[in-house]
Chemist: 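One structure is given below, represented as structure tokens, and several questions about it will come after.
Reckoned from all heavy atoms, side chains included, excluding hydrogens, waters and symmetry mates. Not measured: the values here are computed from a predicted model.
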Amino acid sequence: MGFADQRFNVNLSILFTELPLLERPAAAAAAGFSAVELWWPWVDSHTPEQAELDALKKAIEDAGVRLTGLNFYAGQLPGPDRGALSIPGEESERFRANIDVTAEFARSLGCTALNALYGNRVEGVDPAEQDALALENLVLAARAADRIGAILLVETLNRSESPLYPLVTAPAGVGIVDKVNQATGLGNAKFLMDLYHLSMNGEDLPRVIAAYAERTGHVQIADNPGRGAPGTGTLPLEELLDQLAKAGYEGWVGLEYKPGDRPSAEAFDWLPADARAAR
């Protein structure tokens with residue numbers, strides 16, 4: 001096995017960001033990839049104009065790539081925010097207004113994985129109040145995802161880069177997944193296993209994979225230290241992905257790393273060109 005046996009997609013919110021948004025799908029295709037994923041592309045708008053949605057849809061279709069993952073509105077990301085769904089007040093309301101917009105855009109492109117970032121803790125607000133709000137909003141998101149035949153992803157980040165984010169262990173992320181599935185009865189909430197974030201938290205990655213591969217709906221990778229391409233750090237990513245495959249994971253592996261001091265198109269030398277298009 002090895003890298004050539006995985007199904008990779010390119011995260012266009014961290015790679016190819018030297019290009020305008022509408023040029024990134026074609027750039028990923030030119031680099032040999034046939035699948036992409038995105039954070040919520042309109043940081044300043046949870047309900048963008050239909051013309052903006054249509055333009056991105058056309059760019060993805062014209063490039064001949066498939067959108068395989070999309071985030072719900074998550075506040076200022078990149079930036080200080082790590083999600084909106086647990087933030088009382090206007091941010092939570094924005095998240096709710098965004099749910100159907102995101103689901104409809106995903107449906108229009110056949111995207112079947114929607115990621116809902118939990119949100120930072122807010123000073124002066126009882127964490128239990130935030131958790132109750134989060135569950136309400138995640139239930140709404142899970143039901144919207146189910147209507148379009150998609151899964152809902154819950155992601156664990158790392159405490160070093162996201163010190164106010166409460167989901168910083170694999171068990172914490174999976175625990176929220178279980179609560180959502182129990183509340184909806186749908187079973188479409190899944191764990192987003194980001195090997196970079198988990199490694200930053202010092203977790204035992206082989207043990208995490210053994211425990212949670214069956215409940216994982218998506219995997220993302222970057223090397224550590226540095227959040228660069230595979231081979232720029234010390235993580236045995238090829239071995240870890242092989243372990244995931246042997247544990248039964250057959251989903252996408254999102255390339256969510258920084259290209260470094262080079263154009264993004266040059267940041268894929270670790271992966272043979274004939275292994276980039278999804279099989």
Chemist: Looking at Asp100 and Arg147, is any side-chain nitrogen of the basic one under 4.0 Å from a carboxylate oxygen of the acidic one?
Modeler: yes
Chemist: Hey, are Glu91 and Arg94 close enough for a salt bridge, meaning a charged N less than 4.0 Å from a carboxylate O?
Modeler: yes
Chemist: Restricting to non-hydrogen atoms, name the atom on Asn120 and the atom on Tyr165 that form the minimum distance, rounded to 0.1 Å.
Modeler: OD1-N, 3.6 Å
Chemist: Are there more than 12 heavy atoms of other residues, nucleotides or ligands under 6.0 Å from atom CD of Glu250?
Modeler: no
Chemist: Tell me, please, which residues at least two apart from Glu136 pass side chain to side chain donor-acceptor pair (under 3.5 Å).
Modeler: Arg96
Chemist: Between Arg24 (side chain only) and Leu19 (backbone N and O only), is there a donor and an acceptor less than 3.5 Å apart?
Modeler: yes
Chemist: Hey, is Asp269 close enough to Arg262 for a salt bridge, meaning N to O under 4.0 Å?
Modeler: yes
Chemist: In chain order, what residues pass the side chain to side chain donor-acceptor pair (under 3.5 Å) check against Arg7, with sequence neighbours excluded?
Modeler: none
Chemist: Would a distance-only check, ignoring hydrogens and angles, find a side-chain to backbone donor-acceptor pair under 3.5 Å from Glu18 to Pro263?
Modeler: no
Chemist: Quick one: do the Asn115 and Asn71 side chains pair a donor with an acceptor below 3.5 Å?
Modeler: yes
Chemist: Any carboxylate oxygen within less than 4.0 angstrom of a Lys/Arg side-chain nitrogen, looking at Asp178 and Arg215?
Modeler: yes
Chemist: For the rings on Trp40 and Phe72, is their centre-to-centre separation under 6.0 Å?
Modeler: no
Chemist: Whether Asp223 and Lys258 form a salt bridge (side-chain N of Lys/Arg under 4.0 Å from carboxylate O of Asp/Glu) is what I want to check.
Modeler: no
Chemist: How about Glu37 and Gln220: does a side-chain donor come under 3.5 Å of a side-chain acceptor?
Modeler: yes
Chemist: Verify the ring-centre separation between Phe33 and Trp252: is it less than 6.0 angstrom?
Modeler: no
